[in-house]
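Computed from a prediction, not measured in an experiment: that's the story for all the values here.
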Protein chains: 2
Amino acid sequence: MAGLKTTDHYHHGDLRNALLQAAERLLQERGVGGFSLRDVARAVGVSHAAPYRHFRDKGTLLRALTGRGFERLRAALADAVAGQRGPEQSLIAATRVYLQTTVQDPGMTRLMFGGVIPAQGDDDITLRLSSVREVLVGIIKAGLAVGAYRDREPRELALVAWSSMHGLAMLIDSATLDVEPDDTEQLDALARSVAQIVLYGISRS
Amino acid sequence: MAGLKTTDHYHHGDLRNALLQAAERLLQERGVGGFSLRDVARAVGVSHAAPYRHFRDKGTLLRALTGRGFERLRAALADAVAGQRGPEQSLIAATRVYLQTTVQDPGMTRLMFGGVIPAQGDDDITLRLSSVREVLVGIIKAGLAVGAYRDREPRELALVAWSSMHGLAMLIDSATLDVEPDDTEQLDALARSVAQIVLYGISRS
DNA sequence: ACCTGAACACCGTTCAAGT
DNA sequence: ACCTGAACACCGTTCAAGT
């Protein structure tokens with residue numbers, strides 16, 4: 001009981017991580033609306049003023065959380081694409097994973113894409129966000145390399161693919177579309193439907 | 001000065017509308033995060049308890065506002081489609097208007113699609129929302145009627161079209177995409193790009 | 001019938017003070 | 001160096017009381 005002074009005083013920055021971890025859980029449970037810094041402090045067992053030693057304000061903590069979210073999305077997309085054969089399968093897989101990741105944790109998703117956080121110059125966030133974009137651009141470039149896609153700017157094609165999967169995700173996430181977040185089969189079907197139209201369009205011929 | 005007791009006491013429900021109007025302005029100015037019921041009351045010159053005579057709580061007032069937003073979107077879409085010739089032009093026009101309407105007022109858009117409002121049974125909102133969907137389904141049905149589109153469920157095709165325009169709008173609205181909301185030319189170019197891919201796909205041939 | 005003022009339980013943030 | 005407790009200016013919501 002004597003040698004370890006670790007668990008109850010959070011020296012050297014343990015508190016920072018403990019706060020982030022608790023914050024992430026609270027965000028999942030209560031959503032961004034019901035999220036308070038004081039709750040986070042309480043959850044960690046520290047005074048409500050303590051977080052200010054590690055984060056300038058609530059927004060700064062939320063930004064740190066958002067960074068994690070984008071990194072997770074990037075990794076999930078990269079993984080999904082890695083195991084695929086052709087450009088068609090890559091796009092379908094990416095759409096499916098984008099949907100899953102984004103629907104699984106609505107609180108985080110709203111933090112990432114809800115405009116909750118005051119956009120602030122060249123953060124860590126802008127970097128991680130552009131990493132997400134680059135995965136999508138990468139899919140398109142691979143397809144272009146084998147002559148699968150129309151000869152246009154990769155970024156333009158990627159933007160359209162991104163918009164489509166993102167829009168579907170947001171419509172589900174905002175409960176605009178009546179889809180059960182846990183119904184993986186339905187999610188996959190929707191993903192495939194969207195990806196295939198992005199590939200071949202809705203027009204006959 | 002005697003006959004008219006109108007302006008300073010808000011009898012018979014004037015206050016309700018005055019509150020909604022002020023709320024809409026404050027939402028535009030300060031965004032959904034900086035929006036408070038007390039501010040609304042202040043703006044109208046009434047005590048902070050007065051709104052409770054007309055709305056059960058903050059959420060109820062916001063829901064009423066959201067209803068207006070969906071109705072405006074529906075009307076804008078219907079107008080845009082009305083003046084168009086073929087199915088292609090209709091879809092492009094709809095995408096353009098969806099983008100404009102939604103980017104013009106980010107506060108309202110986040111209220112409508114940000115999951116801010118606790119979804120609540122069969123509202124007025126669900127009705128107005130499905131009216132928006134029906135305009136989009138209408139475009140698709142018209143295209144199907146002249147044999148322009150693939151033979152699939154109209155609602156499935158409409159969902160993809162909706163996802164695409166919605167996703168583009170959300171990416172812009174959340175500042176994920178670096179687009180000036182006032183740059184109408186760029187917005188229109190993006191809308192056309194997305195609509196055309198939805199029509200013909202990104203695949204060569 | 002409609003509005004007010006005080007009150008309650010919450011926030012985010014700051015700052016002197018403690019170890 | 002790191003955390004606490006009191007304090008301040010805000011919320012949303014309720015409720016007795018006023019007209």
> Please give the nucleotide sitting opposite C/dA1 as a Watson-Crick or G-U wobble pair, both distances under 3.5 Å, or none.
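C/dA1 is paired, partner D/dT19.
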
> Partner of C/dT13 by Watson-Crick or G-U wobble geometry, both contacts under 3.5 Å, or none?
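By the stated definition (distances under 3.5 Å), D/dA7 pairs with C/dT13.
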
> Starting from P on C/dC15, measure out to CG on A/Asp57 and report it in whole angstrom.
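About 14 Å, once rounded to whole Å.
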
> Keeping the roles fixed (side chain from B/Thr102, backbone from B/Leu99), state whether a donor-acceptor pair exists under 3.5 Å.
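No, B/Thr102 side chain to B/Leu99 backbone: no donor-acceptor pair under 3.5 Å.
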
> Which listed nucleotide (D/dC11, D/dG12, D/dC2) is nearest to the side chain of A/Arg53?
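Of the candidates, D/dC2 comes closest.
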
> Looking just at side-chain N and O atoms, do A/Glu156 and B/Ser193 make a donor-acceptor pair shorter than 3.5 Å?
yes

> Once you round it to whole Å, what is the distance between C1' of C/dT13 and NE2 of A/His54?
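After rounding, the reported distance stands at 16 Å.
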
> Does A/Arg16 put a side-chain nitrogen or oxygen below 4.0 Å from OP1 or OP2 of D/dC3?
no

> Of all the choices, C/dC3, C/dT4, C/dC11, which nucleotide is nearest to the side chain of B/Ser47 once you look at every atom?
C/dT4

> Distance check needed: D/dA7 P versus A/Tyr52 OH, whole Å only.
18 Å

> Nearest of D/dT4, C/dT13, D/dC11 to any side-chain atom of A/Val46?
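Of the candidates, D/dT4 comes closest.
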
> For A/Glu29, look at atom CD and say whether over 12 heavy atoms of other residues, nucleotides or ligands are found less than 6.0 Å away.
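More than 12 within 6.0 Å, yes.
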
> Starting from C1' on D/dG12, measure out to CZ on B/Arg56 and report it in whole angstrom.
14 Å

> With nearest nucleotide decided by heavy atoms, which residue, A/Ser36 or B/His48, maps closer to the 5′ end of DNA chain C?
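Its nucleotide being nearer the 5' end, the pick is B/His48.
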
> Without decimals, in angstroms, what is the distance between B/Phe35 CZ and D/dC10 P?
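Checked: the CZ to P distance equals 18 Å.
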
> Under 4.0 Å from OP1 or OP2 of D/dC11: is there any side-chain N or O of B/Arg42 that close?
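Indeed, a polar side-chain atom of B/Arg42 lies that close.
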
> As an exercise, state the distance from CD1 of A/Ile172 to CD of A/Glu180, rounded to the nearest 0.5 Å.
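One gets 11.0 Å once the value is rounded to the nearest 0.5 Å.
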
> Is it the case that over 12 heavy atoms from other parts of the model lie below 6.0 angstrom from the CD atom of A/Gln21?
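No, the 6.0 Å shell around CD holds no more than 12 heavy atoms from other groups.
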
> Whole Å only: how far is the CZ atom of B/Phe55 from the P atom of D/dG12?
14 Å

> Quick check on DNA chain C: between B/Ala49 and A/Lys58, whose nearest nucleotide comes earlier from the 5' end?
B/Ala49

> In whole Å, I'd like the distance from the CG atom of B/Asp39 to the C1' atom of D/dA9.
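So the CG-C1' distance, B/Asp39 to D/dA9, works out to 13 Å.
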
> Which nucleotide sits closest to the side chain of A/Leu15: C/dT13, D/dT14, D/dC3?
D/dC3

> From the list D/dT13, C/dT13, D/dC3, which nucleotide is the closest neighbour of the side chain of A/Ala50?
D/dC3

> Just how far, in rounded Å, is P of D/dC10 from CZ of B/Arg30?
12 Å

> Between C/dC11, D/dG12, D/dT4, which nucleotide has the shortest distance from any of its atoms to the side chain of A/Arg38?
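Of C/dC11, D/dG12, D/dT4, C/dC11 is nearest to the side chain of A/Arg38.
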
